[in-house]
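As a basis for the values below, the full set of heavy atoms in this structure was taken, side chains included, without hydrogen atoms, waters or symmetry mates. First the proteins, then the strands, lettered A, B, ... as listed; each starts at 1.
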Amino acid sequence: MSIVSHSADNAAAIIAARDLSGRSLWVDARRRLFSNRAAVASMIGLTVVGLMALLAPALSPYGFATQDWNVVSCAPPWWPDSSVMCRAGGAHWFGTDAVGRDLFVRVLYGARVSLAVGFVATLVSLAIGVVYGAMAGYAGGTIDGLMMRFVDLLYSLPFIFFVIILMVVFHRNFFLLFVAIGAVEWLTMARIVRGQTLSLKQKEFIEAARAAGVGSAAIVFRHVIPNLLGPVVVYVTLTIPDVILAESFLSFLGLGVQEPLTSWGVLIADGANQMEIAPWLLVFPAGIMAAALFCFNFIGDGLRDALDPKDR
Amino acid sequence: MSEPILQVRDLDVRFRIHDGNIHAVKHVSFDIDEGECLGVVGESGSGKSQLFLATIGLLAQNGTASGSVRYRGDEILGLPEWRLNRLCGSRIAMVFQDPLTSLTPHMTLGTQIMEGLRSHHHLPRDVAEQRALEILEIVRIPEAKRRMRQYPHELSGGMRQRAMIAMATVCGPDLLIADEPTTALDVTVQAQILEIMRELKTELKTSVVMISHDMGVIAGIADRVLVMREGDVVESGPVDDIFYRPRHPYTKELLDAMPRLENNEGVQTCAAPAADAPNILEVSDLAVHFPVHIGPTATKALRAVDSVSFTLRQGETLGVVGESGSGKSTLARAILQLLPKTGGTVVWMGNHLDAHKRDDLRRLRRDLQIVFQDPLASLDPRRTIGQSIAEPLQSLMPMLTRDEVSARVRAIMTKVGLDPAWINRYPHEFSGGQNQRVGVARAMIIEPKLVICDEAVSALDVSIQAQIVKLIADLQSQTGMSLIFISHDLAIVRQLAHRVMVLFLGRVVEFADSEMIYSNPRHPYTKTLLAAVPVPDPAIERAKLHLKLTEDVPSPLDSRAQLMFLKSRLIDDPDAEQYRPRLVEVAPGHLVAEHDDVTSAA
């Protein structure tokens with residue numbers, strides 16, 4: 001008898017404990033994100049690519065700059081066109097380029113640069129854009145007008161022109177890539193955030209906070225920005241591929257990373273030059289980059305659905 | 001007896017969601033006879049809407065329905081969509097709650113009304129147009145010809161709902177299902193819409209299903225009533241039995257929860273403050289005007305609040321009543337300095353509020369708090385309710401330590417009837433009533449001297465309304481604070497207010513003690529408002545002289561609008577500077593704006 005009542009008490013306690021923890025928005029969002037198969041597969045795929053890029057030296061016996069003149073422009077061992085294969089050269093899984101460097105290792109080193117640019121430049125644009133946009137939107141009126149006209153002004157500067165000026169003034173520098181791309185990408189972020197803030201400002205809970213005596217800065221950081229997270233997180237996942245593409249474009253023009261260091265954009269540019277004689281030089285970097293971009297977009301879609309407040 | 005038009009047997013509706021199944025409707029059976037009006041009452045979540053969505057095959061994707069639904073003997077549950085489409089719209093029509101979202105914004109009214117005729121009956125354009133005009137006359141839309149070419153945003157809420165009813169009835173359906181058709185509307189407009197539905201029933205012999213949470217609405221129109229709770233029909237029967245001889249305790253509960261105009265027993269109003277209680281708030285000639293662009297360069301002032309004056313004593317409750325657009329919320333925000341005022345003064349305990357700098361204002365916010373209308377919208381969805389309640393403490397009393405704040409939050413949560421263990425939960429986990437308790441707790445935590453309740457209970461179910469009103473009354477008697485209680489619902493204001501102010505287009509039309517205004521209203525607008533309040537008593541509702549109003553409330557931009565009740569002083573020019581009706585003291589403490597029966601002696 002006592003045992004029965006005891007276990008009933010236990011059950012009640014367990015239920016109470018579960019009630020106490022509640023279901024937060026983030027727990028809900030995570031559950032919805034993880035039930036989205038495409039998003040989960042994309043996250044796994046990106047993690048694998050990222051880990052391989054980090055561990056690149058351990059995965060292959062070749063260095064990214066080591067040239068092996070015995071295996072110049074060799075196709076991978078399993079390439080269908082046997083005439084260009086160099087079986088003696090060893091295990092070059094993605095083949096080699098025109099100066100005998102292993103393409104597999106170079107793709108992984110390229111991933112380091114491209115993903116780093118992608119994440120860092122996006123974070124830079126995120127930080128500037130969110131704060132700037134939220135402030136402009138919340139302030140409204142003349143301040144908003146002035147701040148947004150400044151954004152328009154920067155928008156009207158041609159991107160390439162801007163990068164070339166930076167290169168001339170500060171000389172070619174890997175760090176400049178982040179600055180140049182981040183400086184352009186935050187503009188769109190600021191616009192999106194400002195628009196969202198304008199509609200958020202009308203919400204009753206903002207008015208409630210004002211009635212509670214909360215100051216403007218506190219309202220922006222405590223009430224406006226957290227509620228922007230949904231659209232912002234989604235836009236971030238769309239910005240990362242954008243940034244990677246921008247870096248590729250700059251590298252394609254020769255304004256990006258310098259040899260022997262490489263990025264996906266540089267590899268694709270090289271591959272495109274030789275695609276008639278050595279198509280694998282284009283196929284592998286382009287394929288992996290396309291796959292990574294797909295992954296980012298799927299994750300973005302998944303996050304958008306997971307963070308949609310209507311789905312609560 | 002003829003065959004029922006709709007026969008529902010054993011209808012069961014379930015929804016699949018992440019946390020399991022929801023059994024929304026549990027084996028419900030009923031009949032609807034020809035020309036009959038079936039009222040369906042229940043609180044939100046009782047499954048009353050889902051029952052009828054399932055009946056006409058409009059369930060959401062994750063819902064499944066089983067049982068049997070026969071329309072004139074034919075089974076219609078589970079019919080393929082194209083056959084249901086043919087039936088819905090032409091034989092069975094539905095009117096939804098929100099008239100704006102149910103109309104397509106980019107199509108003119110005429111096109112939308114004719115759409116059904118042209119697709120169901122393949123009528124040529126001119127015949128369809130003729131029919132559409134006729135139906136617009138029936139639903140009493142004035143200047144029907146011009147309205148046909150207008151877009152939904154050009155119409156008022158009441159006009160839109162009439163247009164929706166016109167769309168629904170244009171094909172001459174046997175059965176009209178109206179899902180809370182008047183919930184989003186003002187009382188006077190609600191009375192007009194109900195009158196139109198009553199006419200459809202008697203003149204066109206249409207059967208009507210009226211779904212509502214308001215017993216008053218049901219009493220006026222229904223022949224038979226279903227009372228629903230948690231998916232079950234707990235009681236059903238003729239309307240008189242339900243209202244005069246309710247058997248189920250839940251029906252009695254619903255009836256008791258209805259605030260009534262004729263008496264205010266049940267809720268104990270706080271005793272009126274002593275005559276020598278000090279004035280804490282003095283508002284004189286307060287005006288808030290918004291510039292509205294009427295042309296590329298021209299602007300016109302929209303007088304949202306126009307020369308409103310009153311004083312409020314400590315411990316007193318002032319009721320502010322008016323329909324949408326009457327400026328009652330603007331008034332609240334102007335008093336709290338959330339909106340800049342155009343003219344007049346607000347004096348709080350001897351201090352001019354407007355003269356203060358920002359820092360002083362913040363200190364004053366310790367004394368002045370507000371409870372908002374929409375409980376969910378007024379809470380930040382990304383903050384726990386504990387954080388929301390603590391916010392005024394953090395910003396206005398920053399010297400408190402974290403433990404002190406948390407202790408106070410827990411104390412106030414107990415006071416407003418929330419379990420302190422819920423401190424870390426988020427607003428979306430709670431019902432509207434619980435969230436409104438959070439709103440009340442947030443306003444009360446710094447022990448303010450004046451709380452403004454801006455339609456604080458309007459978005460809640462009737463039974464929850466009663467709970468929140470009681471909570472506010474209890475807190476008032478404990479703390480001795482003053483209240484400004486803003487509502488469009490005269491019956492609720494009666495329960496709390498010591499004095500009542502009636503606003504019409506930003507101006508006071510009547511201002512008197514609560515007793516006086518309800519027993520002896522003097523201004524025609526107050527009388528209209530009182531007459532329009534639905535009473536949960538079928539006999540009274542039937543005996544009511546039904547309003548035959550077709551007019552909309554005039555636009556506040558039109559300077560003639562103010563003189564709607566004082567036509568003798570009207571200058572018929574929309575831009576002319578008009579006479580402003582003054583307040584006349586008809587009895588001690590009873591102020592009435594001049595109207596055609598009462599003009600000042602001068």
Side-chain angles (χ1 to χ4, degrees), chain A residues 12-13 15-36 140-141 196 199-233 305-312, chain B residues 18-19 329 332-333 336-339 358-359 361-366 368-398 419-430 438-439 442-443 445-446 448 451-452 454:
Chain A
I15 290 166
R18 202 173 54 201
D19 274 0
L20 240 176
S21 67
R23 285 195 323 192
S24 86
L25 289 172
W26 296 109
V27 174
D28 264 13
R30 202 182 312 144
R31 182 179 51 72
R32 275 197 296 270
L33 182 62
F34 282 111
S35 60
N36 181 333
Q196 292 284 330
S199 69
L200 210 57
K201 200 167 69 164
Q202 309 293 329
K203 291 272 168 69
E204 253 183 3
F205 66 84
I206 300 288
E207 204 170 19
R210 286 174 60 206
V214 183
S216 298
I219 288 182
V220 169
F221 284 98
R222 215 186 284 165
H223 294 287
V224 175
I225 290 180
N227 281 289
L228 290 170
L229 279 180
V232 165
V233 165
D305 294 345
L307 290 169
D308 185 359
K310 284 186 203 117
D311 212 21
R312 220 166 269 162
Chain B
H18 273 294
D19 298 345
S329 293
R333 283 160 177 73
L336 284 170
Q337 309 296 316
L338 290 172
L339 274 178
R358 218 176 249 190
D359 288 346
L361 257 183
R362 268 177 79 179
R363 225 169 297 137
L364 278 166
R365 295 226 189 280
R366 277 194 59 173
L368 286 160
Q369 280 296 314
I370 181 166
V371 179
F372 291 91
Q373 171 171 8
D374 186 336
L376 194 56
S378 59
L379 294 172
D380 187 336
R382 300 229 186 253
R383 291 173 75 77
T384 64
I385 60 166
Q387 288 173 315
S388 284
I389 295 174
E391 185 139 57
L393 277 186
Q394 289 168 340
S395 54
L396 300 170
M397 301 168 89
D419 186 345
W422 297 339
I423 194 163
N424 284 326
R425 293 224 194 161
Y426 287 86
H428 73 275
E429 299 174 60
F430 292 109
V438 175
R442 173 173 59 184
I445 195 162
I446 42 168
V451 172
I452 300 182
D454 184 10

Asks: Contact between A:Asn227 and B:Pro381 at the side-chain level, heavy atoms closer than 4.5 Å - yes or no?
Replies: yes

Asks: Give, for atom CZ of B:Arg383 and atom NE2 of A:His223, the distance between the pair rounded to the nearest 0.5 Å.
Replies: 5.0 Å

Asks: What residue in A:Arg210, A:Arg222, A:Glu204 has the most heavy-atom pairs under 4.5 Å with chain B?
Replies: A:Glu204

Asks: Can you check whether B:Ser395 reaches B:Arg365 side chain to side chain, under 4.5 Å on heavy atoms?
Replies: no

Asks: Would you mind checking which part of B:Gln373 comes under 4.5 Å of any heavy atom in chain A, side chain (CB onward), backbone (N, CA, C, O), both or neither?
Replies: both

Asks: Name the member of B:Ala443, B:Pro392, B:Ser378 that forms the most heavy-atom pairs with chain A at distances under 4.5 Å.
Replies: B:Ser378

Asks: Let me confirm one number: the CD-CG distance from B:Gln369 to B:Leu396, rounded to the nearest 0.5 Å.
Replies: 7.0 Å

Asks: What part of B:Leu379 lies closer than 4.5 angstrom to a heavy atom of chain A: side chain, backbone, both or neither?
Replies: backbone

Asks: What part of B:Arg366 gets within 4.5 angstrom of chain A, counting heavy atoms only: side chain, backbone, both, or neither?
Replies: neither

Asks: Taking atom CG of B:Leu368 and atom CG of B:Leu336, what is their separation to the nearest 0.5 Å?
Replies: 5.5 Å

